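Since the structure comes first, as structure tokens, the remarks are kept for the end.
Just so you know, these numbers use all the heavy atoms, side chains as well, and skip hydrogens, waters and symmetry mates. Counting convention: from 1, in listed order, for ligands and their atoms alike. Model, not experiment: these values are computed from the prediction.
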Amino acid sequence: MAPRVPPGQAVTDQWPVLHYGPVPRVDLARWRFQVFGAVEEERVWTYEEFRALGRVEVRCDVHCVTRWSRLDNRFGGVPARAVLRQVRPQPGARWVMVHAEGGYTTNLRWDDLDREDVVFAYEHDGQPLTPEHGWPLRLVVPHLYFWKSAKWVRGLELLTEERPGFWEAAGYHMRGDPWREERYGEGLP
Ligand SMILES: Nc1nc2c(c(=O)[nH]1)N[C@H]1C(S)=C(S)[C@@H](COP(=O)(O)O)O[C@H]1N2
Ligand SMILES: [Mo]
């Protein structure tokens with residue numbers, strides 16, 4: 001049987017809170033989600049409009065690069081594919097920079113967002129996300145290390161060239177596949 005937990009990880013029943021900087025206070029009335037960069041047309045949604053794009057529940061494990069894994073999470077939210085369907089990338093725009101409150105960024109390939117189990121979540125195990133875990137909206141990319149799952153996400157910037165986000169610029173791997181232990185990169189260019 002295939003192993004459930006990636007190499008070098010230990011399972012915890014807790015849900016640690018981990019992030020850089022303070023938990024932002026978010027005013028939903030002013031909240032906007034923006035798609036910009038290498039797109040044919042920029043998009044902007046209010047919180048209500050964004051949630052109306054679709055609904056899915058995803059059951060998944062999360063794996064933090066600091067070596068804890070939390071199994072069997074249930075995230076409710078908007079399927080990433082419902083968002084990407086609204087976006088017309090310019091030719092060659094195969095990468096995405098995810099932008100969050102307070103300047104946190106993380107880079108992803110378009111293909112790593114364009115999967116059935118990727119979700120812009122506002123619920124965890126049937127409850128609204130707490131502010132510490134990313135309310136009002138966090139990305140969840142189950143197949144990559146959890147630093148790719150930006151909390152307090154506010155937009156996507158399409159890119160025609162790959163660019164490192166916050167932790168990637170500090171030496172973390174550009175992709176972050178836990179099954180291949182892609183923890184750290186090969187160094188900065
Ligand atoms: N906006 C933002 N999102 C973030 C981070 C951050 O510092 N800022 N840290 C990442 C890291 S390293 C991890 S392990 C997870 C932790 O999510 P949790 O606090 O819900 O467990 O959030 C990720 N998303
Ligand atoms: Mo992390």
Which of the ligand 1 atoms, numbered from 1, are nearer than 4.0 Å to a heavy atom of [X]:
| X | answer |
| --- | --- |
| Ala150 | 3 (N), 24 (N) |
| Val17 | 19 (O) |
| Cys64 | 14 (S) |

Should [X] and [Y] be counted in the same cluster of Ile, Leu, Val, Met, Phe, Trp and Tyr side chains packed under 4.5 Å apart?
| X | Y | result |
| --- | --- | --- |
| Tyr145 | Tyr184 | yes |
| Trp31 | Val78 | yes |
| Leu139 | Val23 | no |

Short N or O distance, [X] and ligand 1, threshold 3.5 Å exclusive:
| X | result |
| --- | --- |
| Ala100 | no |
| Trp15 | yes |
| His19 | no |

Heavy-atom nearest neighbour in the protein, as seen from [atom], with distance rounded to 0.1 Å:
| atom | result |
| --- | --- |
| atom 24 (N) of ligand 1 | Ser149 O, 3.1 Å |
| atom 11 (C) of ligand 1 | Trp147 CA, 3.6 Å |
| atom 21 (O) of ligand 1 | Pro16 O, 2.7 Å |
| atom 13 (C) of ligand 1 | Phe146 O, 3.8 Å |
| atom 16 (C) of ligand 1 | Leu18 O, 3.3 Å |
| atom 7 (O) of ligand 1 | Tyr20 N, 2.7 Å |
| atom 17 (O) of ligand 1 | Arg138 NH2, 3.2 Å |
| atom 19 (O) of ligand 1 | Lys151 NZ, 2.5 Å |

Item to check | Parallel, tilted or perpendicular: rings of Tyr20 and Phe166 (30°, 60°) | outcome: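 Judged by the thresholds at 30° and 60°, the geometry between Phe166 and Tyr20 is tilted.
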
Using side-chain heavy atoms (C-beta onward) and a distance below 4.5 Å, is [X] in contact with [Y]?
| X | Y | result |
| --- | --- | --- |
| Lys148 | Trp167 | no |
| Glu40 | Pro91 | yes |
| Arg4 | Asp72 | yes |

Checklist entry - Does the gap between the ring centers of Phe75 and His124 come in under 6.0 Å? => result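 Centroid distance Phe75-His124: below 6.0 Å, so yes.
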
Item to check | Closest heavy-atom pair and its distance - Pro79, Gly54 | outcome: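 Where Pro79 meets Gly54 most closely, the heavy atoms are CD-C, 3.7 Å.
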
Checklist entry - What do you reckon, does Trp68 put a non-hydrogen atom under 4.0 Å from ligand 1? => result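 So Trp68 counts as touching ligand 1.
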
Checklist entry - Does the pair His99 and Phe36 meet the rule for a ring-ring contact (aromatic ring centres under 6.0 Å, His included), with working shown? => result CA-CA 11 Å; His99 289 265; Phe36 59 103; 5.3 Å; yes

Checklist entry - Side chain or backbone of Glu101 under 4.0 Å from ligand 1, or both, or neither, by non-hydrogen atoms? => result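 Glu101 to ligand 1: no contact under 4.0 Å from either part.
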
